[in-house]
Amino acid sequence: FYGTPATGKTLTASLIGKKNNLDVYRVDLSQVVSKYIGETEKNLGNIFDIAEDKNWVLFFDEAESLFSKRTSVGDSKDKFANQETAYLLQRVESYKGLILLATNLRPNIDQAFNRRIQSMINFSIPTVKQREKLWRNALKELVDFDKKDIKDIAKNYEISGGSIKNIIQFAWLKAMQNENKITLNDI
């Protein structure tokens, strides 16, 4: 999955797991990547070994940080970074389950991974009609704005679904602080 931030890549990974009755394991890169030589590969190996036995969907969010392009070797750091990528290529190739990658920076993914990816799905900013529906659904339980006002907001602000959610949460908090309902001005 690639595209603009907050467009539903992580949500979609969860829904794929739910629809197929599979657990989705979100790989926490902060717990996997290590500055010590060989530790990243060891951590990845443990995840892949456990995942094989449990039939997990492996979900790598911000995948560009781990699946990044290899570079020409200028020093030992480059050599070991390339070694990590080569190890990950082997594990991805041999994993029998589903692996999902999400990135905002598709060009940063190594070409060798791109060749192994069966489907690439672009998550773009919603259209005006989609944004209008997102606004309407998200505000439904909170406030009843005029349809024209929601249409105008959707038309004038080209933003993602995640941003719409954040705006509504902020507006709700602001309204609660003022002991009021959400107003267009809050939005």
Side-chain angles (χ1 to χ4, degrees), residues 1-33 47 51 54 56-69 92 97-111 113-114 116-187:
F1 303 151
Y2 69 96
T4 309
T7 50
K9 295 180 292 290
T10 302
L11 175 63
T12 301
S14 299
L15 292 174
I16 286 172
K18 187 175 183 175
K19 175 83 173 149
N20 294 291
N21 203 25
L22 295 170
D23 290 328
V24 176
Y25 181 81
R26 184 172 185 252
V27 178
D28 183 353
L29 297 178
S30 70
Q31 299 297 311
V32 173
V33 177
I47 290 170
K54 298 198 183 256
W56 284 342
V57 174
L58 288 179
F59 177 57
F60 292 88
D61 201 2
E62 309 298 338
E64 70 279 354
S65 61
L66 196 58
F67 293 78
S68 59
K69 289 182 178 178
V92 164
L98 179 63
I99 298 174
L100 300 173
L101 308 179
T103 181
N104 303 331
L105 302 169
R106 182 175 165 220
N108 291 8
I109 303 288
D110 191 278
Q111 284 299 320
F113 289 112
N114 282 333
R116 288 162 174 84
I117 294 173
Q118 293 177 357
S119 300
M120 292 188 194
I121 301 167
N122 182 17
F123 285 70
S124 56
I125 294 290
T127 64
V128 174
K129 275 192 178 295
Q130 291 168 334
R131 289 194 302 272
E132 187 179 334
K133 187 173 184 177
L134 287 168
W135 279 108
R136 220 177 312 108
N137 288 343
L139 289 167
K140 181 173 28 183
E141 303 293 321
L142 300 172
V143 67
D144 188 25
F145 285 142
D146 185 69
K147 281 185 176 185
K148 185 194 177 312
D149 290 332
I150 290 180
K151 237 179 202 168
D152 288 344
I153 292 170
K155 182 180 169 201
N156 293 329
Y157 300 98
E158 190 175 326
I159 57 176
S160 67
S163 295
I164 289 170
K165 177 183 156 217
N166 290 342
I167 289 166
I168 291 170
Q169 286 176 341
F170 178 80
W172 182 83
L173 288 171
K174 191 173 177 184
M176 290 300 106
Q177 182 181 19
N178 296 331
E179 297 177 4
N180 209 348
K181 283 190 170 192
I182 297 173
T183 66
L184 276 176
N185 203 30
D186 294 332
I187 299 288

Is it the case that over 12 heavy atoms from other parts of the model lie below 6.0 angstrom from the CG atom of Asn185? no

Whether the side chain of Lys9 engages the backbone of Thr4 through a donor-acceptor N/O pair (distance < 3.5 Å, no angle test) should be reported. yes

Look only at the side chain of Arg131 and the backbone of Tyr157, and say whether a donor-acceptor pair between them is shorter than 3.5 Å. yes

Approximate separation, where rounding is to 0.5 Å, of Ile16 CD1 and Phe1 CZ: 3.5 Å

CG of Asp152 to CZ of Phe145: how many Å apart, nearest 0.5 Å? 12.0 Å

Taking the side chain as every heavy atom from C-beta outward, state whether Lys174 and Ile182 have any pair of such atoms under 4.5 Å apart. no

Would you mind reporting whether Leu142 and Ile168 have side-chain heavy atoms less than 4.5 Å apart? yes

Residues which pass salt bridge (charged side-chain N to carboxylate O under 4.0 Å, His left out) with Asp61, listed by chain and number, not counting sequence neighbours: Arg26

Listed partners of Tyr2 passing ring pair (Phe, Tyr, Trp, His ring centres under 6.0 Å), at least two apart: none

For a side-chain hydrogen bond (donor to acceptor under 3.5 Å, both in side chains) check, start with the C-alpha distance between Asp186 and Thr183, then their side-chain angles and the critical distance, and finish with the verdict. CA-CA 5 Å; Asp186 294 332; Thr183 66; 3.3 Å; yes

Correct closest heavy-atom pair for Pro126 and Gly161 would be CG-N, 4.1 Å

For Leu184 and Ile153, work out which heavy atoms get closest and say how close. CD2-CD1, 3.5 Å

